[in-house]
Amino acid sequence: MNFEFQEEHQLLRKTVRQFVDQEIIPNIAKWEEQGAFDKNVWKRLADLGLMGVCVPEKYGGSGMDYNSLAIVCEELERGDTAFRTAVSVHTGLNSMTLMQWGTEQQKQRYLTPQAKGEKIGAFGLTEPGAGSDVAAMSTVAVRDGDDYVLNGQKTWISLCDIADHFIVFAYTDKSKKHHGISAFIVERTMTGFSSKAIKGKYGIKSGNTGELFFDQMRVPKENLLGEEGEGFKIAMSSLDNGRFTVAAGAVGLSLACLEASVKYCHERETFGKEIGQHQLVQQMIAKMEAGLQMSRLLVYRVGELKNKGVRNTRETSLAKWQACDFANKAADDAVQIHGAYGYSDEYPVARYLRNSKAPVIYEGTREIHTIMQAEYVLGYREDKVLSQMLPKWPFEE
Ligand SMILES: Cc1cc2nc3c(=O)[nH]c(=O)nc-3n(C[C@H](O)[C@H](O)[C@H](O)COP(=O)(O)OP(=O)(O)OC[C@H]3O[C@@H](n4cnc5c(N)ncnc54)[C@H](O)[C@@H]3O)c2cc1C
């Protein structure tokens, strides 16, 4: 496996880092206070070609490899989690799912404008009564002529008020349990669709998260993604991609925690020396560095597997679990290193701590990934090759 990045990777990292330093970090406190997701930033990110990073050029993307997407997520979350979350749902959970499972017609209609950044995609799986236990969902889709009629509700959906297109999941045959779930591409403008943001979130305050409602919503049969009954399989494959982006973002958050802490270690003195000279503070710094480097390796290994078109559910789960846990711990230690000042908005570390929590919950909680890893090792779980895999990189044109 080769983790030597090419010149185009370095250039991509530099471009995103510059954008984050100039456009996101100076404004993030204001956006957090307003509780608003700034769509202008999205447009500018799209202008840089960052909305279709690992999407083939023939579908409007930039055709870069899967680790390029990791670099984008890493650098975005070094600035703020909200924008990385947006890329995770737009590209990781939506566009890559269309790449993997969409018909040519669906790719032309939905993937291409998304990759160009003209439209925004999101992903609705979670419901009030169904989070980790996906099959507990209540949303139903009933075939009626050339349409499906969807009724139900989704919750905790990122970009709920902002996205143009959603991939959503509903039962077409509840008696078949997991095998009775189907996936649909839904447009915001469809009659019977509405959304509502959740207020009072603990973190990711500049992000938009909330509920989707489907009330007798008619979805044309052409918008069924995959076959009827393939929804659960599709959802899990989407998570292989979403989790990769979440893990990559966590690397960026760990880096942000380390950078802020190192700076403060040199600024703050106690007992006649920089706090960085105290061994217990050094221990926190050393653990942050170890977590950061281990997370990076786990994430880039997954990127390489994706480049080769190899199924990577096990490796992605491990990378997501560990990178998010490391980032959460790094953020906690970063606040600790900053003492009382870390407990205020004067420094960014309190925001890092708040933002580090959601990724430990979404796209598989810490507990779900712990169970998955144990089951793989014990031989209780095994992945089969899917009927549709992501295209290998380099993409064929
Ligand atoms: C900011 C944010 C953004 C989100 N964005 C999206 C989105 O865009 N789209 C989307 O579909 N969803 C989204 N989610 C929802 C997220 O994916 C779910 O919250 C997550 O899957 C967990 O489900 P839950 O909250 O219902 O928790 P539950 O599943 O109810 O779990 C509650 C607790 O029980 C534990 N638990 C559950 N089952 C087991 C078990 N078998 N063994 C051990 N412990 C268990 C869990 O680990 C957790 O600690 C988002 C969530 C947040 C916070």
Side-chain angles (χ1 to χ4, degrees), residues 32 35 37 73 77 80-97 120-139 152-170 178 181 183-184 186 188 195-214 225 231-232 234-243 245-247 249-250 253 317 320-321 324-325 327-328 351 353-375 380-381:
E32 283 244 309
F37 180 81
C73 291
E77 191 151 0
D80 187 58
T81 306
F83 291 98
R84 194 277 306 147
T85 299
V87 169
S88 288
V89 299
H90 172 82
T91 304
L93 291 174
N94 189 315
S95 294
M96 290 169 84
T97 306
I120 301 178
F123 183 85
L125 182 62
T126 307
E127 297 191 2
S132 308
D133 184 5
V134 171
M137 73 170 60
S138 310
T139 299
Q153 180 184 349
K154 300 287 171 182
T155 193
W156 286 103
I157 307 307
S158 303
L159 304 182
C160 66
D161 296 324
I162 291 175
D164 304 283
H165 312 148
F166 299 82
I167 293 176
V168 304
F169 299 85
H178 292 76
I181 297 172
F184 298 89
V186 163
R188 169 174 300 283
S195 65
K196 185 168 170 255
I198 292 169
K199 301 285 177 204
K201 279 181 299 176
Y202 172 68
I204 320 189
K205 289 175 184 287
S206 63
N208 168 250
T209 324
E211 295 166 294
L212 308 180
F213 304 94
F214 315 133
L225 188 60
F232 185 78
I234 292 173
M236 295 305 119
S237 74
S238 308
L239 290 171
D240 283 353
N241 300 324
R243 286 168 180 169
T245 64
V246 174
L253 188 55
S317 155
K320 192 273 179 186
W321 171 35
C324 293
D325 263 11
N328 186 221
R351 174 168 58 87
L353 181 57
R354 288 194 303 272
N355 286 354
S356 70
K357 191 62 193 172
V360 180
I361 296 169
Y362 58 46
E363 305 219 21
T365 63
R366 170 188 288 152
E367 293 69 35
I368 293 300
H369 289 293
T370 306
I371 291 166
M372 283 175 73
Q373 292 304 315
E375 288 180 351
Y380 301 150
R381 178 185 282 261

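Just so you know, residue 1 is the first one in the sequence shown, and it goes up from there. Each ligand, and each atom within it, is numbered from 1 in the order the structure gives.
Atoms of ligand 1 lying under 4.0 Å from any heavy atom of Ile157, numbered from 1 in the order shown and given with element: 7 (C), 8 (O), 9 (N), 10 (C), 11 (O). Listed by atom number, the atoms of ligand 1 under 4.0 Å from Thr365 heavy atoms are 22 (C), 46 (C), 47 (O). Ligand 1 places these atoms under 4.0 Å from at least one heavy atom of Val89: 8 (O).
Between the side chains of Thr139 and Gln153, no donor N or O sits under 3.5 Å from an acceptor N or O. A donor-acceptor contact under 3.5 angstrom links the side chains of Ser195 and Arg188, judged on distance only. If you check the side chains of Ser206 and Asp80, you find a donor sitting under 3.5 Å from an acceptor. No donor-acceptor contact under 3.5 angstrom links the side chains of Thr126 and Lys154, judged on distance only.
The single protein non-hydrogen atom nearest to atom 8 (O) of ligand 1 is Ser158 N, 3.0 Å, given as residue, atom name and distance. The closest protein non-hydrogen atom to atom 37 (C) of ligand 1 is Ser132 OG, 3.8 Å. The single protein non-hydrogen atom nearest to atom 35 (C) of ligand 1 is Glu367 OE1, 4.5 Å, given as residue, atom name and distance. When hydrogens are left out, the protein atom nearest atom 4 (C) of ligand 1 is Trp156 O, 3.0 Å; that is the closest non-hydrogen contact. Scanning the protein for heavy atoms near atom 15 (C) of ligand 1, the closest one is Thr126 OG1, 3.2 Å. For atom 25 (O) of ligand 1, the closest non-hydrogen atom of the protein is Ile361 CG2, 4.5 Å. The closest protein non-hydrogen atom to atom 2 (C) of ligand 1 is Tyr362 CD2, 3.4 Å. The protein non-hydrogen atom at the shortest distance from atom 23 (O) of ligand 1 is Gly131 CA, 3.3 Å.
With a 4.0 Å heavy-atom cut-off, ligand 1 is reached by the side chain of Ile371 but not by its N, CA, C or O. Looking at Thr209 against ligand 1, only its side chain comes within 4.0 Å, counting heavy atoms. When non-hydrogen atoms are compared, ligand 1 lies under 4.0 Å from the backbone of Glu363 (N, CA, C, O) but not from its side chain.
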Problem set entry | Test log, rule ring-ring contact (aromatic ring centres under 6.0 Å, His included), inputs Phe184 and Phe214 | CA-CA 12 Å; Phe184 298 89; Phe214 315 133; 9.5 Å; no

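In this structure, the separation between CD1 on Ile371 and CZ on Arg366 is 13.0 Å, given to the nearest 0.5 Å. Annotation: the span from Leu239 atom CG to Ile234 atom CD1 amounts to 12.0 Å, rounded to 0.5 Å.
Put simply, the residue from Ile162, Thr85, Ile204 that forms a side-chain contact (heavy atoms from CB on, under 4.5 Å) with Phe37 is Ile162.
Atom 17 (O) of ligand 1 is flagged as protein-proximal [any protein heavy atom, distance under 4.0 Å]. Atom 33 (C) of ligand 1 is never approached by the protein to below 4.0 angstrom, counting heavy atoms only. For atom 29 (O) of ligand 1, a protein heavy-atom neighbour is present inside the 4.0 Å cut-off.
The ring-ring contact (aromatic ring centres under 6.0 Å, His included) test applied to Phe166 returns Phe193, not counting sequence neighbours.
Atom OH of Tyr202 has more than 12 neighbouring heavy atoms from other residues, nucleotides or ligands inside a 6.0 Å radius.
When every heavy atom of Leu93 is checked against every heavy atom of Gly242, the shortest pair comes out as CD2-CA, 3.8 Å.
Residue Gly124 has no nitrogen or oxygen atom sitting less than 3.5 Å from a nitrogen or oxygen atom of ligand 1, judged on distance alone. Where the criterion is an N or O separation shorter than 3.5 Å, residue side chain and backbone included, Ala358 fails it with respect to ligand 1.
At a threshold of 4.0 Å, the pair Lys205-Glu32 does not count as salt-bridged, since none of the basic side-chain nitrogens sits closer than that to a carboxylate oxygen.
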